[in-house]
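Data block below; observations after.
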Amino acid sequence: MYYVNREQIARRLAAVPEVAEGLRGAAEAWDGSLMLGMVQERCLHLAIEIVTDVGSYLIDGFIMRDASSYDDIIQINYEEKVFDNPTYEILRQLVTLRKPLVQDYYTWERSELHPLSVELPSILKHFTTQVSAYVEKELGPFNTAQAEGQRKE
């Protein structure tokens, strides 16, 4: 029997709408300002953390092969059919941003709109749907709305 931490997965997936809203808002109002640059930067960082955290919980819970990197987390989940190829391709691009955002932040170009900021909101929504469907297929009913209610309390 698998132990999949469904609560922690759901809590992370429940954060997706806010991250998507932040990215969408920054992209729509983009003026190259420091404030929107910082909003974009934080939202991209949170998106990376969400997809890698969820991916790690799935890897651990379903006893998939060990991941050696952030890219590997995404690849393993793709190979296990957690999400489709279009989602995989975007998420691979996303995780390559972790080092520049977290370690080389002082060189990040905050005045430019990153291309992923425009397409990521819909990909994150699709990611949430696909992860939920995967967990439900493997273990039965899965409700991310329950975690959203817990998060707001």
Side-chain angles (χ1 to χ4, degrees), residues 1-24 26-27 38-110 112-152:
M1 181 70 180
Y2 298 118
Y3 173 71
V4 178
N5 196 332
R6 296 164 75 149
E7 179 186 345
Q8 290 303 318
I9 292 170
R11 287 182 134 180
R12 280 150 179 82
L13 293 178
V16 164
E18 289 178 347
V19 171
E21 182 181 334
L23 285 167
R24 211 173 1 264
M38 297 295 269
V39 168
Q40 172 185 239
E41 190 174 341
R42 180 63 174 154
C43 288
L44 289 170
H45 180 206
L46 287 174
I48 294 165
E49 297 305 315
I50 290 167
V51 300
T52 57
D53 284 354
V54 167
S56 292
Y57 279 116
L58 293 172
I59 288 169
D60 291 346
F62 288 109
I63 313 169
M64 301 172 183
R65 75 175 170 84
D66 288 337
S68 60
S69 66
Y70 290 99
D71 187 60
D72 209 21
I73 293 169
I74 303 305
Q75 183 176 350
I76 292 166
N77 279 268
Y78 170 67
E79 289 170 357
E80 294 291 334
K81 302 190 182 343
V82 174
F83 41 78
D84 60 20
N85 188 266
T87 302
Y88 169 65
E89 292 301 330
I90 298 297
L91 296 181
R92 278 188 57 208
Q93 292 175 46
L94 176 65
V95 297
T96 65
L97 299 179
R98 190 172 193 285
K99 185 176 188 286
L101 287 168
V102 175
Q103 295 177 2
D104 301 329
Y105 55 86
Y106 48 87
T107 63
W108 182 263
E109 188 52 60
R110 291 181 182 91
E112 294 179 16
L113 180 64
H114 194 281
L116 285 180
S117 294
V118 175
E119 60 187 316
L120 203 52
S122 63
I123 292 295
L124 289 172
K125 183 177 181 183
H126 198 53
F127 169 78
T128 299
T129 301
Q130 290 179 86
V131 167
S132 298
Y134 181 84
V135 172
E136 196 161 304
K137 180 185 80 165
E138 296 295 325
L139 301 175
F142 181 65
N143 185 358
T144 58
Q146 180 183 1
E148 239 177 277
Q150 290 175 351
R151 212 172 111 252
K152 292 180 181 179

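Numbering of residues begins at 1 and proceeds along the displayed sequence.
Once rounded to the nearest 0.5 Å, the distance linking CG of L97 with CD of E41 reads 10.5 Å. Rounding to the nearest 0.5 angstrom, the gap separating the CG atom in L120 from the CD1 atom in I90 is 8.0 Å. Atoms CD and CZ, on E80 and F62 in that order, are 9.5 Å from each other to the nearest 0.5 Å. In this structure, the separation between CG on L23 and CG on L124 is 7.0 Å, given to the nearest 0.5 Å. Between the NE2 atom of H114 and the SG atom of C43 there is a distance of 13.5 Å, given to the nearest 0.5 Å. Separating the CD1 atom in I48 from the OH atom in Y70 is a distance of 9.5 Å, to the nearest 0.5 Å.
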Query - Derivation of the side-chain contact (heavy atoms from CB on, under 4.5 Å) call for Y88 and E79 - result: CA-CA 10 Å; Y88 169 65; E79 289 170 357; over 6 Å; no
Query - Full working for side-chain contact (heavy atoms from CB on, under 4.5 Å) between R65 and D72 - result: CA-CA 10 Å; R65 75 175 170 84; D72 209 21; 3.1 Å; yes
Report task. Step by step, work out the side-chain contact (heavy atoms from CB on, under 4.5 Å) result for R12 and V131. Result -> CA-CA 11 Å; R12 280 150 179 82; V131 167; over 6 Å; no
Query - Check against side-chain hydrogen bond (donor to acceptor under 3.5 Å, both in side chains), Q93 and E89 - result: CA-CA 7 Å; Q93 292 175 46; E89 292 301 330; 5.7 Å; no
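The minimum heavy-atom distance between L44 and L94, with the atom names listed, is O-CD1, 4.0 Å. The two residues I59 and A67 have their closest heavy-atom pair at CD1-CB, 4.1 Å. Smallest separation of non-hydrogen atoms from A20 and P121: O-CG, 3.7 Å. Nearest heavy-atom pair, V118 versus A27, reported as atom, atom and distance to 0.1 Å: CG2-CB, 4.2 Å.
Among residues two or more places apart in sequence or in another chain, the side chain to side chain contact (heavy atoms under 4.5 Å, CB included) test is passed with Q130 by F83, D84, T87, H126.
By the 4.5 Å heavy-atom criterion applied to side chains, D66 and I76 are not counted as neighbours. Annotation: side chain of Y57 is not in contact with side chain of V4 (no heavy-atom distance under 4.5 Å). The closest side-chain heavy-atom distance from D104 to W108 is not below 4.5 Å. Residues I9 and N5 form no side-chain contact, since every pair of their non-hydrogen atoms from C-beta on lies 4.5 Å or further apart. A heavy-atom distance below 4.5 Å is found between the side chains of I50 and V19. Annotation: side chain of V54 is in contact with side chain of F127 (closest heavy-atom distance under 4.5 Å). Contact check for M38 versus R42: no side-chain heavy atoms found under the 4.5 Å cut-off. Counting only heavy atoms from C-beta outward, the side chains of R92 and Y78 never approach each other to under 4.5 Å.
Judged by distance alone, with hydrogens and angles left aside, the side-chain atoms of Q40 form no donor-acceptor pair with the main-chain N or O of L113 at under 3.5 Å.
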